[in-house]
Amino acid sequence: MKILTVVGARPQFIKAAVVSKVLRTRVQEILVHTGQHFDYNMSEQFFEELDIPKPDYNLGIAGGTHAQMTARMLVALEEVMVKEKPNMVLVYGDTNSTLAAALVAAKLLIPICHVEAGTRSVEVGTNRYTLTNPEEVNRTCTDQVSSLLLASTQLNMENLRKENLESRSVYVGDPMYDAFLNYREKAEMQKNTLKTLQGKIVKLPEKFFYMTCHREENTNDDSVLLNILKVGEQLDELLVYPVHPRNKERSLRLVEKYNLKNLLLVEPVGYLTSNYMVNHAEKIITDSGGLQREAFFAGVQCITVLDLVSWPETMVDNRNILSRPITAELLEKLNIEQEVDSEYMPFGDGHAAEKIVNEITRFLEEK
Ligand code: UDP
């Protein structure tokens, strides 16, 4: 049995790290990196730290518009799949790499397994799905053409049911939770030095707030991003912000222009440092789907700067609160305290990787 896994972006490396380890004990895996994330600290560092096998192919495709990037991936992935003739293609999440791999495999009649199926964003105050962000388009289309839909939560299963995809869907839990648990101990042993955007090496302070912010809707406009960055000025502890490469120039310019002093802009950190920061932050501010869940796993409160609900499971007891990108609203939300019920865990039992591999092998054997 041959499985061809396609990854391309940071959150996919983390999920593949835990799944590939189990997968390779049962079947042959061909790993394809599309190249969507290519900087050392967005890609190679994850392969090194998480001990992910070296990709068999690196397509080196990054940048350009969504259409340009996806189109180039379609052509290159078709060549690889025609040559390798896998029994199944495995994809994760919601990036352009996910969609491109799914479209190619579907046209070649290769079954697709989609991990993190059934995630849907709804507009606040409605139950309407939104197709206003690229990730939603990618994940919705991928689900439609996949043969095996593996859901991280029961609510994701519910979404698949509503779209008549239930007969192809199985709840397995969230491999991000597996990774969070598996690497927590190792993360505690990190030195946690950070590299500022000016190239200086600094130590992570004992007390800090952790922020990530990279969604197009928050970073494509100076005034929106400035509203978010200004929050740091009102916090008691330093706001540490590893900056996504896409957002580096704008963030640096705004911090200098408005002389923001309580904000530490650093290069993206590796997964182990991020895991440590999640566990030790005072609170987390983010627009990342991954970080919202990790904050929840750690029992650290999260303020999500989005007007979309993607992980409603985390939005209980003030554990994850939505805010618009308005400084005063963000500060008001940061003042609310959470309650943590340690029994409540909708993301599985930390063994999603085994379940994912069991479902894949079961599917192929039945076929
Ligand atoms: N992450 C990291 N270093 C950083 C920021 C994030 O290792 O500087 C990790 C973290 O575990 C997070 C994951 O990357 O959950 C997901 O990344 P991202 O926010 O890019 O993607 P999303 O979750 O929004 O799809």
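Counting convention: from 1, in listed order, for ligands and their atoms alike. In this text the structure is predicted, and so the values were computed from the model without any measurement.
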(message) Once you restrict to heavy atoms under 4.0 Å, what part of Glu135 touches ligand 1? Side chain, backbone, both or neither.
(response) neither
(message) Can you give me the closest heavy-atom contact between Asn279 and Val300, atom names plus distance?
(response) O-CG2, 4.2 Å
(request) Please indicate whether any nitrogen or oxygen in Arg10 is less than 3.5 Å from any nitrogen or oxygen in ligand 1. (result) yes
(request) Measure Ile14 to ligand 1 on non-hydrogen atoms and call it side chain, backbone, both or neither using the 4.0 Å cut-off. (result) side chain
(message) Is the contact between Tyr183 and ligand 1 made by the side chain, the backbone, both, or neither, using heavy atoms and a 4.0 Å cut-off?
(response) neither
(message) Looking at ligand 1, would Tyr210 count as a contact under a 4.0 Å heavy-atom criterion?
(response) yes
(request) Could you pull out, from Thr95, Asp94, Val269, the option with a heavy atom nearest to atom 8 (O) of ligand 1? (result) Val269
(request) Answer side chain, backbone, both or neither: which part of Pro242 comes under 4.0 Å from ligand 1, heavy atoms only. (result) side chain
(message) Heavy-atom contact check, 4.0 Å cutoff: does His214 meet ligand 1?
(response) yes
(message) Check this for me: Glu366, atom CD, are more than 12 non-hydrogen atoms of other residues, nucleotides or ligands nearer than 6.0 Å?
(response) yes
(request) For ligand 1, indicate whether the residue Arg215 contacts it via side chain, backbone, both or neither (heavy-atom separation under 4.0 Å). (result) side chain
(message) Please determine whether any non-hydrogen atom of His244 lies less than 4.0 Å from an atom of ligand 1.
(response) no
